[in-house]
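This is a predicted model, so every value here is computed, not measured.
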Amino acid sequence: MELCKHDEFCGGCIYQGVEYHKQLEQKNLEVLELLEISDVHPEKIEEIEGCIDQYQYRDKMEYTFGDLVKDGPLTLGMHKKGQFMSITTVDCCQLVTEDFNKILSFTLDFCIEKGYSKYHKRKHTGLLRNLIIRKGFRTGELLVNIVTSSDGTFAEDEYVKGLLNLDLKDEIVGVLHTFNDNLADAVIPERVETIYGRDYYMEEILGLKFKVSAFSFFQTNIEAVERLYSQAIQLIPELEGKNVFDLYCGAGTISQIMALKAKHVLGVEIVEEAVEAAKENAKLNGLDNCDFIAGDCFEVLKNVKEKPDVIVVDPPRVGIKADALEKIMSYGVENIVYISCNPKTLAPNLKGMEYYGYKVKYLKPFDNFPFTKHTECVALLEMA
């Protein structure tokens, strides 16, 4: 196994140099330990399922401009391990395709040649903030987004020309310039300009088409999420003819996959942009039996008159809040499928569901992000 050249400084991966089967064993053990701590004992637990491709699987990267040492040369990449202010350039990252590394290297060289300054997180001065690259794995489309403050000018035309001259495997279909003067250390799109092409790329999942805009939430490992979603849907007994609630539905990906069989799917998601994307993609796929509502899960469900036959939940890393969990439990549906991106919140949520009379019938971990700390799980609950 070849150790990543950035391992000394980059904080993105924690399992560099660890054989993949050992990574899977460790992640599987962590899930089992968290379940034990919460006193959750599923009737059936399957071994963790790993990725077919352990390298070059990510379809999105958000890089930060900065420096590795104070007042040092400009860098573009990831935060240094355990450091808030230091950024290490990651131009040979193993988790992305070579196109990502080429675009990063060109962008960094371009900005150095122009003499652009990094945005200083404490002084709140300077121009350069972030570079975001997104890719459609099934379509070969790339979307590049340069993020700056308004403190100076950026040579947009020259930058686009340079990008388009790169020798890339995939095609750049859009280049965006996002302006962000917010004091938070996060990408806040206060103003977004399309400086080349379009402001979205296309992707395909399990035969459905999805239009993904610059800031839409979307799965970052397409091959892995297809396997995870297929498993989750297979857990639902006789999906045909049923009303399904897909809570915390994001851009409605699994909602639309379920809508191919279900009578009706209602998706609920707090991020308005994701809901708008879900509605647009449902039209794109010719689906008229799924609807999406933007809002807090608990608040939305208080006003929904429709009753579900089955519920799918895919909450953020913080898990399901107590008020929303109580509301979900009040429907008393026979089956609930829980898709989790954080076993640390999954385990106590499952224990809470057992309190309301559910039994965890099945659980399976998935490693969708090799070399990182992240593990996903799918669980089936049944009313006891």
Side-chain angles (χ1 to χ4, degrees), residues 205-210 217-219 225-271 274-316 319-320 324-341 346 349-350 353 356-364 376-383:
I205 296 182
L206 294 173
L208 294 177
K209 299 181 185 298
F210 294 91
F217 169 80
F218 207 71
Q219 290 70 27
V225 83
E226 284 186 328
R227 289 184 287 110
L228 185 149
Y229 281 176
S230 296
Q231 174 77 63
I233 293 173
Q234 288 172 10
L235 293 176
I236 302 173
E238 300 175 356
L239 181 58
E240 292 79 359
K242 290 186 174 180
N243 291 324
V244 182
F245 279 8
D246 182 16
L247 308 180
Y248 315 95
C249 68
T253 311
I254 195 171
S255 304
Q256 295 176 56
I257 297 169
M258 291 190 294
L260 295 173
K261 293 184 177 181
K263 177 182 178 182
H264 182 258
V265 179
L266 175 66
V268 180
E269 167 60 45
I270 196 168
V271 180
V275 169
E276 291 307 310
K279 292 178 180 178
E280 188 171 353
N281 286 318
K283 291 180 181 178
L284 181 66
N285 289 307
L287 297 169
D288 59 4
N289 63 330
C290 51
D291 295 292
F292 300 93
I293 300 177
D296 175 79
C297 184
F298 174 67
E299 296 299 328
V300 169
L301 292 181
K302 284 196 306 183
N303 298 306
V304 171
K305 295 181 180 180
E306 180 182 352
K307 301 299 181 184
D309 299 308
V310 63
I311 295 175
V312 175
V313 294
D314 188 358
I320 304 173
L325 184 65
E326 182 177 5
K327 180 60 180 176
I328 293 167
M329 296 296 97
S330 71
Y331 289 108
V333 298
E334 184 175 353
N335 294 114
I336 297 174
V337 174
Y338 193 134
I339 302 172
S340 169
C341 62
L346 169 67
N349 272 171
L350 292 179
M353 291 169 146
Y356 288 97
Y358 283 88
K359 175 66 179 176
V360 184
K361 301 289 289 186
Y362 174 90
L363 188 141
K364 181 177 181 178
E376 308 225 347
C377 294
V378 172
L380 173 67
L381 296 102
E382 184 177 288
M383 178 62 76

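Rounded to the nearest 0.5 angstrom, Ser255 OG and Phe245 CZ are separated by 12.0 Å. To the nearest 0.5 angstrom, Leu380 atom CG is 10.0 Å from Gln231 atom CD. Atom-to-atom distance recorded for Lys327:NZ and Ile320:CD1 is 14.5 Å, nearest 0.5 angstrom. With rounding to the nearest 0.5 angstrom, the CG atom of Asn349 is 8.0 Å from the OG atom of Ser340. Atoms CG and CG, on Asn243 and Asp309 in that order, are 5.0 Å from each other to the nearest 0.5 Å. Atoms CE and OG1, from Met258 and Thr253 in turn, are 10.5 Å apart once rounded to the nearest 0.5 Å.
Minimum interatomic distance between Val268 and Gly295 (heavy atoms only, all atoms of both residues): CG1-O, 3.9 Å. Listed here is the closest heavy atom pair of Ala262 and Val244: CB-CG2, 4.0 Å. Closest non-hydrogen pair, Pro315 versus Tyr338, comes out as CG-OH, 3.3 Å. Nearest heavy-atom pair, Cys297 versus Leu247, reported as atom, atom and distance to 0.1 Å: SG-CD1, 4.0 Å. For the residue pair Asn281 and Lys209, the shortest heavy atom distance occurs at OD1-O, 4.2 Å.
The backbone N or O of Gly252 lies less than 3.5 Å from a partner atom in the side chain of Gln256, making a donor-acceptor pair. Put simply, the side chain of Asn285 never gets that close to the backbone of Leu208: no donor and acceptor are under 3.5 Å apart. The backbone N or O of Ala259 lies less than 3.5 Å from a partner atom in the side chain of Asn289, making a donor-acceptor pair.
With contacts defined as side-chain heavy-atom distances shorter than 4.5 Å, the pair Tyr229/Ile339 qualifies. Between Leu363 and Leu350 the shortest side-chain heavy-atom distance falls below 4.5 Å. In this structure, Tyr356 and Met383 have side chains that are not in contact, with every pair of non-hydrogen atoms separated by 4.5 Å or more. Using a 4.5 Å heavy-atom cutoff, the side chains of Leu260 and Leu287 are in contact. Counting only heavy atoms from C-beta outward, the side chains of His264 and Glu306 approach each other to under 4.5 Å. Val225 is listed as a side-chain neighbour of Ile205, based on a closest heavy-atom distance under 4.5 Å. In this structure the side chain of Cys249 never reaches within 4.5 angstrom of the side chain of Asp314, judged on heavy atoms. Under the 4.5 Å side-chain criterion, counting only non-hydrogen atoms from C-beta, Ile254 is in contact with Ile233.
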query: Going through the checks in order, is the side chain to side chain contact (heavy atoms under 4.5 Å, CB included) test met by Lys361 and Leu381?
result: CA-CA 6 Å; Lys361 301 289 289 186; Leu381 296 102; over 6 Å; no
query: Would Phe210 and Gln219 satisfy side chain to side chain contact (heavy atoms under 4.5 Å, CB included), going step by step from the backbone distance to the final call?
result: CA-CA 11 Å; Phe210 294 91; Gln219 290 70 27; over 6 Å; no
- request: Decide side chain to side chain contact (heavy atoms under 4.5 Å, CB included) for Phe298 and Leu325; before the verdict, give the C-alpha distance in whole Å, the side-chain angles of both, and the deciding distance to 0.1 Å.
  value: CA-CA 8 Å; Phe298 174 67; Leu325 184 65; over 6 Å; no
- request: Evaluate side chain to side chain contact (heavy atoms under 4.5 Å, CB included) for Glu269 paired with Phe217, printing each intermediate quantity in order.
  value: CA-CA 11 Å; Glu269 167 60 45; Phe217 169 80; over 6 Å; no
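For residues 281-301, the set of pairs meeting the salt bridge (Lys or Arg N to Asp or Glu O under 4.0 Å) definition, not counting sequence neighbours, comprises Asp296-Lys321, Glu299-Lys302. Applying the salt bridge (Lys or Arg N to Asp or Glu O under 4.0 Å) test to pairs two or more places apart or on separate chains, none has a residue in residues 228-248.
Within a 6.0 Å sphere centred on NZ of Lys279, other residues, nucleotides and ligands contribute more than 12 heavy atoms.
Checked by atom type, the side-chain pair Glu382/Tyr362 shows no donor-acceptor distance below 3.5 Å.
Contacts of Glu334 classified as salt bridge (Lys or Arg N to Asp or Glu O under 4.0 Å), with partners at least two apart in sequence or in another chain: none.
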